[in-house]
Protein chains: 2
Amino acid sequence: MSRWEPNASGRLQKAALELYAERGFENTTVAEIAERAGLTERTFFRYFADKREVLFYGSGALTEFLVRKVGEAPASLPALQVIAWALASAGTEIFEERREFSRRRQSVIAANLELQERELVKFATLASGLAHALDERGVVPATASLAAETAMVLFKFAFERWTKDVSGARTLAEIIRESVNELESVTTGRPAAGD
Amino acid sequence: MSRWEPNASGRLQKAALELYAERGFENTTVAEIAERAGLTERTFFRYFADKREVLFYGSGALTEFLVRKVGEAPASLPALQVIAWALASAGTEIFEERREFSRRRQSVIAANLELQERELVKFATLASGLAHALDERGVVPATASLAAETAMVLFKFAFERWTKDVSGARTLAEIIRESVNELESVTTGRPAAGD
């Protein structure tokens with residue numbers, strides 16, 4: 001086997017997701033993942049600390065992407081909508097082509113308490129990065145935290161709707177914008193103004 | 001020592017919080033907690049599964065209280081404000097007299113990752129109970145989840161403000177109402193109508 005493997009991390013992720021879905025996260029070993037991907041365990045550990053981290057690969061890159069987008073969002077948007085705008089961009093540029101992968105990942109995480117806790121920690125870290133990015137736009141820190149934490153709720157909610165939408169008719173970006181309107185409606189009791 | 005100990009759970013909680021603050025959660029044993037409270041380990045285990053659960057005693061009762069209040073809230077309120085109304089009631093009837101205890105508890109949890117994860121799970125459980133209570137008021141299930149999860153963010157946010165307010169000038173209920181207005185403002189970009 002040559003030392004250079006094109007898209008090794010992607011192949012390992014795909015193999016891991018298949019195995020977790022087939023036999024459960026708990027019953028899958030790193031050796032089996034590497035074998036399914038046609039790669040070595042050594043290659044696996046070049047990308048991932050353990051089999052759990054396969055499911056959280058890219059969290060850091062997502063945070064960086066969103067923080068950058070928060071800096072680029074239109075100045076007129078209120079704080080929560082700044083993050084929603086960044087999330088909708090991530091929908092279009094990152095997630096839209098990975099719907100099937102995302103759907104499988106959601107099922108694997110839903111089946112395991114340890115993974116759910118890890119997912120909660122991931123979102124807490126992301127919220128903290130986004131709150132900091134809002135601070136840098138001049139939002140008061142406490143308000144930035146409230147907006148960032150609320151945006152995480154919105155994101156999880158929209159993401160789940162998107163992975164469960166088997167028709168595939170609506171994009172994640174559309175569902176995020178809809179969810180912002182829904183949040184406005186449950187908060188104010190008025191229908192959202194629309195966009 | 002007599003078998004009947006008045007307010008044994010309260011004395012154990014108080015002793016545990018003191019010890020966690022003095023020497024850290026990790027470095028405190030159940031034997032030490034029982035000794036500080038002037039009670040036996042056996043009494044400790046009558047109330048708490050382990051030293052971690054001392055910090056989460058009453059979570060079930062809080063959920064029950066809030067679910068009942070959600071059922072009693074004015075029919076005219078939008079979904080998120082129904083929960084905020086219930087949370088403000090809990091502020092007045094449960095938390096207001098426990099501010100110092102709550103403040104200590106927050107510091108202990110902030111210093112320990114395992115406790116933070118347990119706290120996240122507690123809030124996830126509470127959100128699910130409240131979403132169900134909104135369903136029973138006729139709110140569409142998906143909307144109920146969005147409102148309940150958002151309300152948890154609001155509650156954590158208000159709770160932290162309240163425990164950090166050393167002047168003690170504002171009640172938790174007031175801070176919760178303020179935070180709803182703030183959420184409205186970051187979502188819509190308009191100042192809240194006021195109440």
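In what follows, chains carry the letters A, B, and so on, assigned in the order in which the sequence lines appear, proteins first and then strands, with residues in each chain numbered from 1.
- Looking at B/A84, neither its backbone nor its side chain comes within 4.5 Å of chain A, counting heavy atoms on both sides.
- Contacts of A/R118 with chain B are absent, with no heavy-atom separation under 4.5 Å from either backbone or side chain.
- Within a 6.0 Å radius of CD in B/E35, other residues, nucleotides and ligands contribute 12 heavy atoms or fewer.
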Verdict with supporting geometry, B/Q81 and A/T187, side chain to side chain donor-acceptor pair (under 3.5 Å): CA-CA 6 Å; B/Q81 301 214 19; A/T187 305; over 6 Å; no
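- Other residues, nucleotides and ligands place more than 12 heavy atoms under 6.0 Å from the NZ atom of B/K156.
- More than 12 heavy-atom neighbours from other residues, nucleotides or ligands sit within 6.0 angstrom of CD on B/E178.
- Residue B/E149 holds its CD atom at 12.0 Å from CD of A/E149, rounded to the nearest 0.5 Å.
- The environment of A/E53 atom CD is dense: over 12 non-hydrogen atoms of other residues, nucleotides or ligands sit within 6.0 angstrom.
- Ranked by heavy-atom pairs shorter than 4.5 Å toward chain A, the options B/A142, B/G189, B/A79 are led by B/A142.
- The shortest non-hydrogen separation linking A/V121 to B/L120 is N-CD1, 4.5 Å.
- Taking each heavy atom of B/P78 and A/S185 in turn, the nearest pair found is CB-O, 4.0 Å.
- Atom CD of B/E160 is surrounded by 12 or fewer heavy atoms from other residues, nucleotides or ligands within 6.0 Å.
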B/L183 and A/L146: CA distance, side-chain angles, deciding distance, side-chain contact (heavy atoms from CB on, under 4.5 Å) verdict: CA-CA 7 Å; B/L183 177 65; A/L146 178 63; 4.3 Å; yes
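- Around atom CD of B/E72, more than 12 heavy atoms belonging to other residues, nucleotides or ligands sit under 6.0 Å away.
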